[in-house]
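Notes follow the structure.
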Amino acid sequence: MRKLILLIPVLFALSCQQKASDKNAAPAIVKDVHSFAEPEKAIVKHLDLELNVDFSTQLISGKASWTIENTSGATEIIFDSRQLQIQKVTLGVNETETTFTLGDEVKYLGQPLRVKIDPSTTRVSIYYSASKDAAAIQWLNPQQTAGKKYPFLFTQSQAILARTWIPCQDSPGIRFTYTAKISVPKDLLAVMSAQNPQSKNAEGIYNFKQPNPIPSYLMALAIGDLEFKSIDGRTGVYAEPVTLSKAAYEFADMGKMVNSAEKIYGPYKWGRYDVIVLPPSFPFGGMENPMLTFLTPTLIAGDRSLVSVIAHELAHSWSGNLVTNSTWNDFWLNEGFTTYFERRIVEDVYGKDEAGMQELLGYNGLQELIKEMGKTNPDTKLKGNYEGRDPDEGVSDIAYEKGYSFLRTIEDAVGRKKFDIFLNEYFNAHAFRSVTSEVFLNDLETKLLKGDKVLKDKIDPNLWVYQPGLPSNSPAVGSVKFKALDTLLVKWAALANADVFKSAKLSSNESLYLISHLPENTTIDQMKVLDQVFKFTSSGNAEIQSAWYVLSIKKGYQPANKNIEAFLTTVGRRKFLMPLYKELVKTPEGKKWAKRIYVQARPNYHSVAYNTIDELLK
């Protein structure tokens, strides 16, 4: 790996000399350990996808036609494939059949699909079907949806699951444009990470276009009984009819957020910004699929208290979708930047104190994670090494919150105005490209620090990126509202009387802070009184529910048991599920309870969630 890392800056320095506006320029060659592709020999540039979606057999079948560049004169091109049935492969517009082989299965990665080509080949068409058990796809029966009338399908391609429903070069360092023609049952609407229809048609055939080059993990498809409602001229919401009005109310500030983001880091380059609310089994809070963010219904709290997730996914339109990590070892370039940008949007739209509360909660979570992992654990470095592992292991507060703290450290050192100018230049210079940590550090050195050794020593970028733990120069964080809660908590500890809280009207963030800062010796009787005051057990806010239910399991607070079971069987968001299951398995009784719940709950989870929980409960 050392040799590879030494080569990356040189290769990218050469690449970045090309004009950022040239979307079709050849990318720098960065070896991705999570892909079989050899893009330095032959690389995909455009996809024409034709698929038929059959809900009766739960099969997706069709043709992926790739426009390729074969600059090396190679006689084969390699695609990533997992759980796919390949019927045939053809070359050129005349579709002359060619030979192909599927290599040995590799854990997490699937199989290399090796296709014989000629040096002059520019088009490769792969006829295939995706397994009904494909890891990226979840097929839902009507009872698993909000409306209970029609089936539903959605995909989740990040990190390396696109290869389970499309044969592709499945690396974030390889970008392509695409069109798609999707045939679905006539009662349903299909939408993708592209330019989308806003209503159903009589034929059940939908055409899509994504004119900007994207990596494969941003390929996305959802099909269901969907309707659309505009928020403003360029934003809107897709959802099942029974959910639509609630979703539109909850996300009414989307347009303001887009305007705020543009004010900070320049024009939104994707045209429309819409969101779709998926069924509860969606495993993430949100997925930043271009032009159409996929969202969990757990964000619909009724009081717009969880809409910062929208700010996060919107921010990905710059940090992640526009400028992307070249490999999953540089995941912090997506998530650390986005967490920083998210809080800037929240500050602009909702005020400094709201952003400050989120910052402190995130920082506390980061400290707890590093304590749990160990401050010398190599997985606490920003520059990761996930070779031989599922890159999903990198989805943690290291990428998000340590990455955020690093960028905040830079901002504090150089000033916000200079840092904003630098980040604007960074997004413009690398627009529609994939970059590495080394590219960012080189930009930081040459375009912002400009040889200022005192400033560089103050920030110490290499310490942040290449060393484990949390550096001592991490910025101070705090919240006026949390300090007021600290005062109440001191009184609570002294008096053990919930009357100290009765005059408090807590926001979502304040509730989370209170739950996480209750004294270790808090009794069940005290929890009952707190529950009477704040209604934590019956809260409609999934963040609060999850935090309170973890505490309830830990303390044996039985009044929450029924709600805990209901939560685990109706919510599929991995962020909420894992802390609950982890707390349950700490005792023999809890593990027995967890397994009983899981038998009922597992069919409602996406593979991204149940694969992790399977490992925990094995």
Side-chain angles (χ1 to χ4, degrees), residues 47-65 83-85 87 125-157 161-162 164-168 178-210 216 218-229 236-244 247 272 274-282 287 289-295 297 606-607:
L47 169 64
D48 294 307
L49 187 64
E50 295 182 35
L51 295 178
N52 180 67
V53 181
D54 189 333
F55 278 85
S56 63
T57 59
Q58 295 190 337
L59 285 178
I60 289 178
S61 59
K63 176 174 70 167
S65 295
Q83 300 173 291
L84 298 179
Q85 298 295 320
Q87 280 88 45
S125 297
I126 304 168
Y127 290 78
Y128 74 99
S129 60
S131 165
K132 67 178 182 180
D133 299 319
I137 304 171
Q138 185 159 24
W139 301 88
L140 301 173
N141 64 49
Q143 286 302 309
Q144 293 172 300
T145 68
K148 311 296 183 186
K149 293 181 180 179
Y150 297 94
F152 204 104
L153 173 149
F154 68 85
T155 65
Q156 171 54 40
S157 295
L161 299 182
T164 70
W165 69 287
I166 303 171
C168 57
Y178 79 86
T179 66
K181 181 180 179 181
I182 310 295
S183 299
V184 306
K186 294 179 182 180
D187 292 330
L188 305 181
L189 175 67
V191 290
M192 296 190 76
S193 51
Q195 297 169 353
N196 281 301
Q198 295 182 354
S199 60
K200 298 173 185 173
N201 63 44
E203 294 77 27
I205 298 173
Y206 297 94
N207 293 285
F208 304 90
K209 182 180 181 181
Q210 176 51 264
S216 54
L218 295 176
M219 288 295 299
L221 171 66
I223 303 166
D225 181 24
L226 296 167
E227 292 182 358
F228 177 81
K229 187 176 181 63
V237 179
Y238 292 88
E240 293 181 72
V242 297
T243 305
L244 187 60
R272 293 194 58 84
D274 296 319
V275 302
I276 176 173
V277 179
L278 297 173
S281 58
F282 186 59
M287 179 61 208
N289 299 312
M291 306 175 73
L292 185 67
T293 285
F294 281 27
L295 292 176
H606 188 274
S607 68

Relative to the ring of Phe208, is the ring of Tyr206 parallel (under 30°), tilted (30 to 60°) or perpendicular (over 60°)?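 Tilted, since the angle between the ring planes falls between 30° and 60°.
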Could you check whether the rings of Phe228 and Tyr238 sit parallel, tilted or perpendicular, using 30° and 60° as the cut-offs?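 Because their plane-to-plane angle lies in the 30° to 60° range, the rings of Phe228 and Tyr238 count as tilted.
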Side-chain touch [X]/[Y], heavy atoms, less than 4.5 angstrom:
X: Phe55; Y: Pro185; value: yes
X: Phe282; Y: Gln156; value: yes
X: Tyr150; Y: Leu140; value: no
X: Ile182; Y: Val53; value: yes
X: Trp165; Y: Met219; value: yes
X: Tyr128; Y: Leu51; value: yes
X: Asn52; Y: Ile60; value: no
X: Leu84; Y: Pro167; value: yes

For [X] against [Y], the heavy-atom pair lying closest together:
X: Asp274; Y: Gly236; answer: OD1-N, 2.8 Å
X: Leu59; Y: Ala130; answer: CD2-O, 3.4 Å
X: Phe152; Y: Gly224; answer: CD1-CA, 3.7 Å
X: Ser193; Y: Asn289; answer: CB-CB, 3.8 Å

Between the main-chain N or O of Ala135 and the side-chain N or O of Gln83, is there a donor-acceptor pair closer than 3.5 Å?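 Yes: the side chain of Gln83 pairs with the backbone of Ala135.
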Taking the side chain from Ser131 and the backbone from Asp133, do they hold a donor-acceptor pair closer than 3.5 Å?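 Such a contact is found between Ser131 side chain and Asp133 backbone.
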Any donor-acceptor pair under 3.5 Å linking the side-chain atoms of Gln85 with those of Ser129?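 There is no such pair (donor and acceptor under 3.5 Å, judged by atom type) between the side chains of Ser129 and Gln85.
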With sequence neighbours left out, what residues match Pro280 under side chain to side chain contact (heavy atoms under 4.5 Å, CB included)?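 With neighbours one apart ignored, the set is Pro297.
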Quick one: do Gln210 and Gln195 satisfy side chain to side chain contact (heavy atoms under 4.5 Å, CB included)? Show the steps, please. CA-CA 6 Å; Gln210 176 51 264; Gln195 297 169 353; over 6 Å; no
Can you list the steps and then say if Lys132 with Thr57 is a side chain to side chain contact (heavy atoms under 4.5 Å, CB included)? CA-CA 8 Å; Lys132 67 178 182 180; Thr57 59; over 6 Å; no
Enter the distance from Ile126:CD1 to Ser65:OG here, rounded to the nearest 0.5 Å.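 Nearest 0.5 Å value for the CD1-OG distance: 8.5 Å.
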Phe294: what forms a ring-ring contact (aromatic ring centres under 6.0 Å, His included) with it, not counting sequence neighbours?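 Once residues adjacent in sequence are excluded, Phe294 has no partner under the ring-ring contact (aromatic ring centres under 6.0 Å, His included) criterion.
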Sequence neighbours left out, what pairs pass salt bridge (Lys or Arg N to Asp or Glu O under 4.0 Å) with at least one residue falling in residues 183-206?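 Sorted pair list: Lys200-Asp225.
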